[in-house]
Amino acid sequence: MVQYDAPAIEKKWQTRWAEANSFAASSDITKPKYYVLEMFPYPSGRIHMGHVRNYTLGDVVARFRRAKGFNVLHPMGWDAFGLPAENAAIERGAHPGSWTRENIASMRVQLKSMGLAYDWDREFATCEPDYYQHEQLMFLKFLEKGLAYRKESWVNWDPEENTVLANEQVVDGRGWRSGAIVERRRLSQWFLKITEYADDLLASIETLDRWPERVRLMQHNWIGKSEGARVEFRLSGNTVPLDAIEVFTTRPDTLFGASFIAVAANHPLALAVAENSKEAVDFIAECAKLGTSEAAVETAKKRGFDTGLSVEHPLISGKTLPIHIANFVLMEYGTGAIFGCPAHDQRDLDFANAYNLPVTPVVLPENTDPTDFIITDEAYTGPGTLINSGDWDGLDVESGKQVALDALEGLGAGTRETTFRLRDWGVSRQRYWGCPIPIIHCDDCGAIPVPVGNLPVTLPEDVDFSKPGNPLANHPSWKHTSCPSCGKAAIREQDTFDTFFESSWYFLRYADPKSAHGFSREAAEYWMPVDQYIGGVEHAVLHLLYSRFFTRALGEVGYLDLAEPFAGLMTQGMVCHQTYQDKDGKWLFPTEVTQNGDSWRHGETGEAVRAGRIEKMSKSKRNVVDPEIIIETYGADTARLFMLSDSPPERDMEWTESGVEGASRFLKRIYRMANDDSLPATGTTPPTEGEGIELVRAAHKAMYGLSQDIEGLRFNRAVAQLHTLANAITDTKGASPSITAARRFAIETLVQLISPLAPHIAEEMWNALGHQTMLADSGWPTADESLIADNVIEIAVQVNGKLRDTITLPRDCPKQDAEDAALASPTIVRYLDKQAPKRVIVVPNRIINVVV
RNA sequence: GCGGGCGUGAUGGAAUGGUAGACAUAACGGACUUAAAAUCCGUGGGCCCUAGGCCGUGGGGGUUCAAGUCCCCCCGCCCGCACCA
């Protein structure tokens, strides 16, 4: 009996594929292409199960398409800039560059052990000047076209570390490392004008028909187009150097219900008030501690500061509204000021209740008595008719909006306006490990682009992480240079790009990774768009939206002509595992725990262990399984097969030991089938009739079903097809020539069908079955559709929608015959109880429903 | 707070509005074995259990000949929110 030796088999075929360069994309652009891409990894040092899942999914698609005759591009590389490298530098003294490159080297070995069909010749790392120099040029071209600009913006500032913090580094308002209270600070930063494309990015979501609906919705909401009005409220006094406040609203219909004006803490009016008020200064400082994230701002308790100033209501003469500075108004959205209508906006109501401001309902829900309609702590945001609104009374909300807009425009107090929630993309980061922004600051000439001939601006290698702050700013010489315009001494920009910059065009680089121009137009236009992009749903908005923007911006500056970068998108779910804690609440690794029936014990101490919830694998909860150990123990094919079984790819999956065992057992089982000495010789023709025919049909059904399932990315069902075929092979007993010929055919089919999922064992079995050619080069079997459909079908018969009997009928039999057969069934006759059926519904080949 | 998703046997899941639970995992029974593992065969939603029947897709309502699937309301859990990638 041949033993299934996964490590030996996997090593053998990985070497063969590499020697034959089996998975290199061809430059023959006359062939139909297929571009499969998985989101490239950050080189953290070791692969985790999320990677295994992601790359297995992509590999199945790549191998399947290749077998079907496509010229497949399936590349891999490294998203190599980022914060963890700097943390390693601070915590362990490692240089970000060497730390990253070592991580890449070890992860590459791990990835290769998975047997992924990558074209490794196209690999690159974004931290190398050979990559990032191109984006420096792209940035300068954006700048020329006005797609990049500089403005002041807010950052989280850690006063102890003298550094800018990412939102994730702010924990409960404090710096994660220092514990110091984080402040908001204004810095001058570079922005890309993504808002220029807001309408196009929104409208084109329609064309992304192979994207998950939820991602399209998220992008839609993120862009957040809202139509409304800009309304001017004139100040009634003149104690500040401003005569009016501009407010953006989507609800001009509720203007009569306005009871206050609220401005952002960094609104010009707030700053003007602060010049003469200590309390205002304190309140603004308080708001600055909130952090910069939207979630922090919106979940914070609504607080405000009454400036003592007021504005005139534009429609009600003599009425004034107080102006507050409020912590829930964002300067980045709209005009940084709102009018509060507490009755019909929850935030405004919370605020009004806290500060005793009046609440006037102006929209009455249908079928409600105005005298009973009182707003206490729940705002009414639904439809209705206007009340308490002068001439507008009786209008419905929608027409009220139009009438309000006309009125405001007539009075010169407001204009129709469309705003987007989408903000321009701030790309400046005050960090070392990123692509330097190619700008030189001159006292006389201002911000001057580095001349194209002087690119790339490379990072200095000798940096010091022991001092607080940005090492690029602390570097003794790197920043000093001369102004390209006037020649005087000048200073380099010390900020680097957001790492989303690199990932916004890497898919283009793969098309032509050695190009001196980033990528060539021809290669990009042949390979793009990516036919199937696969990655985590956490990228549903930012990375995908930035890439869509980049594609447009690069088109604008002449790099290519492409509507959308990713034609098909699949977002995979997370890999989860049960969590375990000991009696002290300390998290335990699954390898430390042994299960005994329903209870768990610590493997060494024998102490009882509490098995907790199934959660996303994370280092902090220790519920992780190391892919390397799984691959060593069971083999990559087992790991891959288990990843694909059971859970649909877009859903979260649970990693279980028994599941891995099950996948391993299945592979061993089919390995035995393929090594069966009693099979007839290679090339034996399968029977076309007689006793083996049912097994042949089962093989064709599997070919058809599995191909459909892979095309539809339903890999769990594809695995079920394989099980069903394997079971059919096992169930077919007998040794007649017809049966053994059918069995060989079914086993060969099974081997071909499993090859995209478990490629190494498939090659080995193909070889054992007597084939000299590599399975990877053997094409894809096509089902004979005449063998798929059964000739007789079991059809359910319902009485009043309840299943009462099943009858067997020939396929596609006439409706009347089906009805007669159903009504002749003794069971049905009994249910009819001698009454004539009222109605009989016959759905051919499916169901018959008798209505009594 | 806003936005998005998910909820079906003990478990992961399957099901163009048409026989709910394909396929697998755990469990149980049997065969083989001195024994165990492996392997093979079988049982496998719940209840009343007699042919048979009743109830079942988070909860409640509705549309339909027919609802896991469509519509409305509610509950629970998970994810994202612009400097993590």
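Chain identifiers are assigned alphabetically (A, B, ...) following the order of the sequence lines, protein sequences preceding nucleic acid strands; residue numbering begins at 1 within each chain.
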Measure the distance from [atom1] on [X] to [atom2] on [N] and round it to the nearest whole Å.
{"X": "A:Arg669", "N": "B:C40", "atom1": "CZ", "atom2": "C1'", "value": "10 Å"}
{"X": "A:Phe81", "N": "B:C84", "atom1": "CZ", "atom2": "P", "value": "17 Å"}
{"X": "A:Ile847", "N": "B:C65", "atom1": "CD1", "atom2": "P", "value": "15 Å"}
{"X": "A:Lys733", "N": "B:C41", "atom1": "NZ", "atom2": "P", "value": "6 Å"}
{"X": "A:Phe420", "N": "B:C81", "atom1": "CZ", "atom2": "C1'", "value": "19 Å"}
{"X": "A:Met218", "N": "B:G3", "atom1": "CE", "atom2": "P", "value": "13 Å"}

Compare all side-chain heavy atoms of [X] with those of [Y] and state whether any distance is below 4.5 angstrom.
{"X": "A:Leu753", "Y": "A:Leu722", "answer": "yes"}
{"X": "A:Val215", "Y": "A:Pro212", "answer": "yes"}
{"X": "A:Asp345", "Y": "A:Leu349", "answer": "no"}

For the side chain of [X], starting at C-beta, report the closest nucleotide among [options].
{"X": "A:Tyr546", "options": "B:G4, B:U25, B:C83", "result": "B:C83"}
{"X": "A:Arg423", "options": "B:A82, B:A85, B:G13", "result": "B:A82"}
{"X": "A:Arg665", "options": "B:U39, B:U19, B:C83", "result": "B:U39"}
{"X": "A:Leu803", "options": "B:U19, B:A85, B:A22", "result": "B:U19"}
{"X": "A:Met574", "options": "B:C78, B:A85, B:C83", "result": "B:C78"}
{"X": "A:Val843", "options": "B:C40, B:U19, B:G18", "result": "B:G18"}

What distance, rounded to whole Å, do you find between the two [atom1] atoms, one in [N] and one in [M]?
{"N": "B:G13", "M": "B:C6", "atom1": "P", "value": "12 Å"}
{"N": "B:U69", "M": "B:C79", "atom1": "C1'", "value": "24 Å"}
{"N": "B:C28", "M": "B:A37", "atom1": "P", "value": "11 Å"}
{"N": "B:A27", "M": "B:A36", "atom1": "P", "value": "16 Å"}
{"N": "B:G1", "M": "B:A24", "atom1": "C1'", "value": "42 Å"}
{"N": "B:A22", "M": "B:U39", "atom1": "C1'", "value": "25 Å"}
{"N": "B:C72", "M": "B:G5", "atom1": "P", "value": "13 Å"}
{"N": "B:G61", "M": "B:G68", "atom1": "P", "value": "15 Å"}

Between [X] and [N], does any side-chain N or O lie under 4.0 Å from OP1 or OP2?
{"X": "A:Thr499", "N": "B:A85", "value": "yes"}
{"X": "A:Arg429", "N": "B:C83", "value": "yes"}
{"X": "A:Arg839", "N": "B:C65", "value": "yes"}
{"X": "A:Asn727", "N": "B:A22", "value": "no"}
{"X": "A:Asn716", "N": "B:A14", "value": "yes"}

With a 4.0 Å cut-off on heavy atoms, is [X] in touch with a base, just the backbone sugar-phosphate, or nothing at all?
{"X": "A:Gln430", "value": "base"}
{"X": "A:Val851", "value": "sugar-phosphate"}
{"X": "A:Gly82", "value": "sugar-phosphate"}
{"X": "A:Glu794", "value": "base"}
{"X": "A:His539", "value": "base"}
{"X": "A:Ile841", "value": "base"}
{"X": "A:Trp222", "value": "base"}
{"X": "A:Pro648", "value": "sugar-phosphate"}
{"X": "A:Ser428", "value": "base"}
{"X": "A:Phe666", "value": "nothing"}
{"X": "A:Leu722", "value": "nothing"}

Ring pair (Phe, Tyr, Trp, His ring centres under 6.0 Å) test vs A:Tyr131 passes for just one of A:Trp505, A:Trp78, A:Phe81, namely A:Trp505
Looking at A:Phe666, A:Phe715, A:Trp655, which hits ring pair (Phe, Tyr, Trp, His ring centres under 6.0 Å) with A:Phe642? A:Trp655
Heavy-atom donor-acceptor pair, [X] side chain to [Y] backbone, under 3.5 Å:
{"X": "A:Asn470", "Y": "A:Gln494", "answer": "yes"}
{"X": "A:Asp424", "Y": "A:Ile194", "answer": "yes"}
{"X": "A:Ser664", "Y": "A:Val660", "answer": "no"}
{"X": "A:Asn800", "Y": "A:Val852", "answer": "yes"}

Report the C-alpha distance between A:Gln189 and A:Arg429 in whole Å, list the side-chain angles of each, state the deciding distance to 0.1 Å, and finish with yes or no for side-chain hydrogen bond (donor to acceptor under 3.5 Å, both in side chains). CA-CA 8 Å; A:Gln189 313 206 50; A:Arg429 297 290 181 273; 5.3 Å; no
Partner nucleotide, any strand, of [N] [Watson-Crick/G-U, under 3.5 Å]:
{"N": "B:C28", "result": "B:G42"}
{"N": "B:U63", "result": "none"}
{"N": "B:C81", "result": "B:G1"}
{"N": "B:C23", "result": "B:G12"}

Surrounding CZ of A:Phe500 (heavy atoms of other residues, nucleotides or ligands, distance under 6.0 Å), is the total greater than 12? yes
Can you build the contact string for nucleotides 51-58 of chain B? Use B for base contact, S for sugar-phosphate-only contact, and - for no protein heavy atom under 4.0 Å. --SSS---
Indicate for each nucleotide in nucleotides 5-12 of chain B, in 5' to 3' sequence, whether protein heavy atoms under 4.0 Å reach the base (B), only the sugar-phosphate (S), or nothing (-). SSS----B
Of A:Asp731 and A:Val541, whose closest RNA chain B nucleotide lies nearer the 5' terminus?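 Whichever sits nearer the 5' end wins; that is A:Asp731.
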Starting at the 5' end of RNA chain B, which residue's closest nucleotide do you reach first, A:Asn221 or A:Asn800? A:Asn221
Would A:Arg640 and A:Leu757 satisfy side chain to side chain contact (heavy atoms under 4.5 Å, CB included), going step by step from the backbone distance to the final call? CA-CA 7 Å; A:Arg640 293 169 58 123; A:Leu757 295 84; 5.9 Å; no
Can you label the angle between the A:His539 ring and the A:His543 ring as parallel, tilted or perpendicular, going by 30° and 60°?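 A:His539 vs A:His543 ring planes: perpendicular.
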Mind telling me whether B:G60 is syn or anti, cutoff 90° either side of 0? anti
Kindly indicate, with the supporting measurements, whether the criterion side-chain hydrogen bond (donor to acceptor under 3.5 Å, both in side chains) is fulfilled by A:Asp709 and A:Gln721. CA-CA 9 Å; A:Asp709 287 338; A:Gln721 302 274 3; 3.2 Å; yes
